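Remember, it's 1-based here, ligands and their atoms both numbered in the order they're listed. This is a predicted model, so every value here is computed, not measured.
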Amino acid sequence: MTARIIDGKAVARKLRAEYAERIAGLKTHYGVLPGIAVILVGENPASEVYVRNKIAACKDTGIHSELYRLPADTPEATLMARIDALNADPAVHGILVQLPLPPQISLPDVLERIAPDKDVDGFHLYNVGGLVTGNTVFPPCTPFGVQKLLEHEKVEIEGRNVVVVGASNIVGKPMALMLMQQDATVCICHKKTRDLGQFTLLADILVVAAGVPGLIVPQMVKTGAVVIDVGINRLPDGRLVGDVDFEGVRKKASMITPVPGGVGPMTITMLLHNTLVSAERAISAGR
Ligand code: NAD
């Protein structure tokens, strides 16, 4: 068997075109321009790239973006005051604080300060709680992107065995909850899991988000499984790879995402989606 390669770039392009139309419609019918505020604290080079890509994607899709740069030694109170001002600004539908934050700032406190109605990253406890009960407003972007890819590829979820490798708050845990909500039987593995392969072998759908290159080899994959590789790892020779041995596993899986070009392009696309939905909700609520 040779897996069909899921083209995340193509799916992202298609969805972005749909969102651009909806955004143009909001402007025409309601005079509303969806807006996102991005706060970047410090000068982490990776964060600079992520923020640049997010802002470029917003521009391409017709979302207004504002970037607030704060120095690395910014006191927490200054950041909180900025968030408060953005919470109160009706032109801002989404607030994104780029992570990681410098050590003097408490991440949980910052995430709770963002109004749940503008929490387009989906990290506020209100939205995390919504994942548990199945009525979240803003699902977190990376697992949401995986869910959209599976939907686009018409992968049946109900009653299937899903194994998620990785249990972080931003990828693994929400991913597991989202697929459980779609009636999959879900197992979460992490770095303390003993004999990872005995679990991954049960997976009809295997989602890997560990940050360990080459973690998943063909012997750990069931023939015909759908394999979604969320990992992004930079090798010493400069190559970008996922967590799955792509060349080996593609001979066993029925579908597989490449790295780059699989899940990556979907993450920012879901940020655009959540910002659009936030603007639509604000219009419905008369805000
Ligand atoms: P994290 O470091 O917060 O969490 C990693 C998780 O993997 C932990 O739960 C840990 O227990 C588990 N893990 C680590 N080693 C393991 C092992 N040997 N066996 C089983 N489990 C193991 O990372 P994260 O933020 O969840 O990101 C995971 C990966 O996904 C990283 O490579 C990251 O770059 C990538 N990522 C990609 C996107 C995207 O848009 N494609 C977005 C976010 C993260």
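- Residue Val165 approaches ligand 1 through these ligand atoms, each under 4.0 Å from one of its heavy atoms: 20 (C), 21 (N).
- When the shell of 6.0 Å around OH of Tyr126 is examined, it contains 12 or fewer heavy atoms from other residues, nucleotides or ligands.
- Residue contacts with ligand 1, taken as heavy atom pairs separated by less than 4.0 Å, involve Ile170 solely via side-chain atoms from C-beta onward.
- Not one N or O on the side chain of Asp245 forms a donor-acceptor pair closer than 3.5 Å with the backbone of Val249.
- Assignment of Thr142 to the shell around ligand 1 is supported, since a heavy atom sits closer than 4.0 Å.
- The residue Asn169 has no part lying near ligand 1, judged by heavy-atom distances below 4.0 Å.
- Atom CZ of Arg239 has 12 or fewer neighbouring heavy atoms from other residues, nucleotides or ligands inside a 6.0 Å radius.
- Put simply, atom 2 (O) of ligand 1 has no protein non-hydrogen atoms near it, under 4.0 Å away.
- Residue Leu67 holds its CG atom at 6.0 Å from CG of Leu40, rounded to the nearest 0.5 Å.
- The only option from Thr136, Asn127, Asn274 that meets the side-chain hydrogen bond (donor to acceptor under 3.5 Å, both in side chains) definition with Asp119 turns out to be Asn127.
- Atoms NE2 and NZ, on His93 and Lys118 in that order, are 7.5 Å from each other to the nearest 0.5 Å.
- In terms of polar-atom proximity, Asp243 is not counted as a contact of ligand 1, lacking any N or O under 3.5 Å from an N or O of the ligand.
- Atoms of ligand 1 found under 4.0 Å from any heavy atom of Thr267 (numbered from 1 in listed order, with element): 39 (C), 40 (O).
- The protein heavy-atom contact nearest to atom 31 (C) of ligand 1 is Gly211 CA, 3.7 Å.
- Heavy-atom proximity to Gly166, at under 4.0 Å, picks out these atoms of ligand 1: 6 (C), 7 (O), 9 (O), 12 (C).
- Residue His190 holds the heavy atom nearest to atom 21 (N) of ligand 1 of all those in Met175, Lys192, Arg234, His190.
- Scanning the protein for heavy atoms near atom 33 (C) of ligand 1, the closest one is Ile232 N, 4.1 Å.
- Put simply, the residue from Val244, Ile232, Leu240, Asn233 that forms a side-chain contact (heavy atoms from CB on, under 4.5 Å) with Pro213 is Asn233.
- Looking from atom 5 (C) of ligand 1 to the surrounding protein, the closest heavy atom is Ala210 O, 3.6 Å.
- Side-chain atoms of His124 come within 3.5 Å of backbone N or O of Glu112 as a donor-acceptor pair.
- More than 12 non-hydrogen atoms from other residues, nucleotides or ligands lie less than 6.0 angstrom from CD of Glu48.
- Counted by atom type alone, Lys148 and His273 present zero donor-acceptor pairs between their side chains at under 3.5 Å.
- Panel note: side chain Lys251, backbone Glu247; a donor-acceptor pair is recorded below 3.5 Å.
- Under the 4.0 angstrom criterion for non-hydrogen atoms, Ala209 is in contact with ligand 1.
- Of the N and O atoms on the side chains of Arg16 and Thr61, not one donor lies less than 3.5 Å from an acceptor on the other residue.
- For atom 18 (N) of ligand 1, the nearest non-hydrogen atom of the protein is Leu215 CD1, 3.6 Å.
- Nearest to atom 24 (P) of ligand 1 among the protein's heavy atoms is Ser168 OG, 3.7 Å.
- Looking from atom 44 (C) of ligand 1 to the surrounding protein, the closest heavy atom is Val171 CG2, 4.0 Å.
- Looking at ligand 1, you won't find any N or O of Cys189 less than 3.5 Å from one of its N or O atoms.
- Residue contacts with ligand 1 for Val212 involve side-chain atoms from C-beta outward but no N, CA, C or O (heavy atoms, distance under 4.0 Å).
- Not one N or O of Val263 is nearer than 3.5 Å to an N or O of ligand 1, by distance alone.
- Of all atoms in ligand 1, listed by their number and element, those nearer than 4.0 Å to a heavy atom of Ala167 are 6 (C), 8 (C), 9 (O).
- With hydrogens left out, the protein atom closest to atom 16 (C) of ligand 1 is Lys191 CB, 3.6 Å, a heavy atom.
- If you chain together hydrophobic residues whose side chains sit under 4.5 Å apart, Ile36 and Tyr30 fall into the same group.
- Atom numbering of ligand 1 starts at 1 in the shown order; those under 4.0 Å from a heavy atom of Val230 are 30 (O), 35 (C), 36 (N), 37 (C), 41 (N).
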